[in-house]
Amino acid sequence: MHAELSIDEQVDLIGRGTAEIISKEELLRKLEMAREQARPLRVKLGLDPTAPDIHLGLAVVLRKLRQFQDLGHQVIVIIGDFTAMIGDPTGTSKTRPQLSEEQIGLNAKTYEEQYCKILDPSKTSTVFNSEWLGKMCFSDVINLTAKTTVARVLERDDFADRFDRRVPISLHEMLYPVCQGYDSVHLEADIEMGGTDQKFNILAGRDLQRAHGQQPQVALLMPLLVGLDGSEKMSKSLGNYVGIYEPPNEMYAKLMSIPDELMSTYFKLATDVPLDEIRKLEVKLADGDLHPKTVKQRLAREIVSIYHDQTAAASAEAKFDKVHRDRQLPEDLPDVHIPSTTLADGKIWLAHLITHAGFADSTSEARRLVQQGGVRLDNERITDSSLEIDLSSGSVLQVGKRRFARLIIQ
RNA sequence: GGGGAGAUACCAAAGCGGUCAAACGGGGCAGACUGUAAAUCUGUUGGCUAUGCCUUCGGAGGUUCGAAUCCUUCUCUCCCCA
């Protein structure tokens, strides 16, 4: 696809949106070598074997990998089933629940299904690092760890931070960078991709490769996409993410809720809008020539179009406006079935209705929602939490601003 | 191996015998204002058809009319020394 690009153009293309490349010169040399020898580069990405739900944050990295594939290179996805025993100490790490072999296999399959949406399957291979790490014996481990010093590992931010705050660090956690680094040795990786939080681990790979007489891999770090809340990085556990398999409407609505300051980052990292066009948008925003909402709608459309298509994006926009600008009910309300057995004399206690619909975890919470004026039935606000509702099939329950359900009595 | 400190709700952190379902703050949720943005303001944040009742303060026992608070023991963590 881009195979005809000059090496400099390739470096430019690859450089877009990256946070850091270690080093650009090495990247250039690798690209040249690949062209001269007609050998695709081996670009590595490590993934957790936890239940996948690929979101825009990971997509930033995957989309970059796709560029490599379009340039003719090979992507190797490592499912870190062995390293999962440790759990990446990056960020707030808690001891992970041990995953069964079947579970890991299942998750890996789901990954493959999901990243197909972005990667070219014919240029992607998937491997498990238990294949080699699991076969090492204790003396192998000692030989490997002898190549790294404690100070070196402790200088890593997460460890230094935890050490300072007196948060426990288990000995085995310090092996994590070593394991990941050894993956690169085993695969003879030319390039390793990751978020900026992976910098240390990826650099560890370079050290180990050198120690094994290999050319060190190039570290290609992408910025961590900030999540919908505007402060934390996008992650599944924080719930501030947009999954690439979410339906268009969800995706669109979620994107509309990001803080304004994030828009240009999202444009750069999550869309294919050319950089100079993004710059123009920024200027118009700053001058007040464009309303932020208009720009955000463009952003939402762009992203929805990538994972669905333009028609879907347009219809998502129409629906969004209908509900939020015109304050009308959405047309495709999810149905919630209320078994008639839960009704007494055709009535149901409002609080129970809300929990039945899945809009509250407990009746206490449901009562609170009602008392705070967050609940509407057929567009009429109800504030009496003790109310028994005389329900007719087809009533619409609304909780908060974004949760709707059409009630079906069965 | 020796000495010291600690474990409290989503997080963080007070409370050190009754007034504790547990302060303050962060986060979350709801409302107001908006562009379902941010900021701000208000309320709320264990459960239960509920002016009351039930279960929570690392685990298990005990003292007491009464325990998050006192005692015993177990588990885990941090710090200092070796």
Pairwise N/O distances under 3.5 Å, protein to nucleotides 44-54 of chain B:
from, atom 1, to, atom 2, distance (Å)
B:U44, O4', A:Gln372, OE1, 3.0
B:G47, OP1, A:Ser362, OG, 2.6
B:G47, OP2, A:Arg368, NH2, 2.6
B:C48, OP1, A:Thr363, N, 3.1
B:C48, OP1, A:Thr363, OG1, 3.0
B:C48, OP2, A:Thr363, N, 3.2
B:C48, OP2, A:Thr363, OG1, 3.0
B:C48, OP2, A:Ser364, N, 2.8
B:C48, OP2, A:Ser364, OG, 2.7
B:C48, O5', A:Thr363, OG1, 3.2
B:U49, OP2, A:Thr363, OG1, 3.2
B:U49, N3, A:Glu388, OE2, 3.2
B:U49, O4, A:Glu388, OE1, 3.4
B:U49, O4, A:Glu388, OE2, 2.1
B:A50, N1, A:Arg367, NE, 2.9
B:A50, N3, A:Arg367, NH2, 3.3

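Residue side chain A:Asp229 does not reach the base of B:G27 through any donor-acceptor N/O pair under 3.5 Å, judged by distance alone.
Look at B:U64: its glycosidic torsion is beyond 90° from 0, and that puts it in the anti range.
Counting non-hydrogen atoms under 4.0 angstrom, A:Arg402 reaches a base of the nucleic acid. Note on A:Pro168: only backbone sugar-phosphate atoms sit closer than 4.0 angstrom, heavy atoms only; bases stay farther off. Residue A:Ala351 is out of contact with every strand shown, counting any heavy-atom pair closer than 4.0 Å.
Taking the P atoms as reference points, B:G58 lies 13 Å from B:C10, given to the whole Å. The separation of B:A23 from B:C57, taken at their C1' atoms, amounts to 14 Å, rounded to a whole angstrom.
For the pair A:Lys293 and B:U36, the criterion of a side-chain N or O lying under 4.0 Å from OP1 or OP2 is met.
To the nearest angstrom, P of B:U36 lies 16 Å from CG of A:Leu228. Between A:Asp321 atom CG and B:U36 atom P there is a gap of 8 Å when expressed in whole angstrom units. In this structure, CD1 of A:Ile258 is placed 14 Å from P of B:U36, rounded to the nearest angstrom. In this structure, A:His324 atom NE2 and B:C33 atom C1' are separated by 17 Å, rounded to whole Å.
Contact check on A:Lys236 versus A:Asp53 returns no salt bridge, with no Lys/Arg side-chain nitrogen under 4.0 Å from an Asp/Glu carboxylate oxygen.
Here the straight-line distance linking atom SG of A:Cys116 with atom CG of A:Leu62 works out to 11.0 Å at 0.5 Å rounding.
In the set B:C29, B:U36, B:A32, B:A32 carries the atom at the smallest distance from any side-chain atom of A:Arg381.
For the pair A:Lys135 and A:Phe82, the cation-pi test (distance below 6.0 Å, angle within 45°) is failed. The cationic atom of A:Lys117 (NZ for Lys, CZ for Arg) does not lie both less than 6.0 Å from the six-membered ring centre of A:Tyr307 and within 45° of the ring axis.
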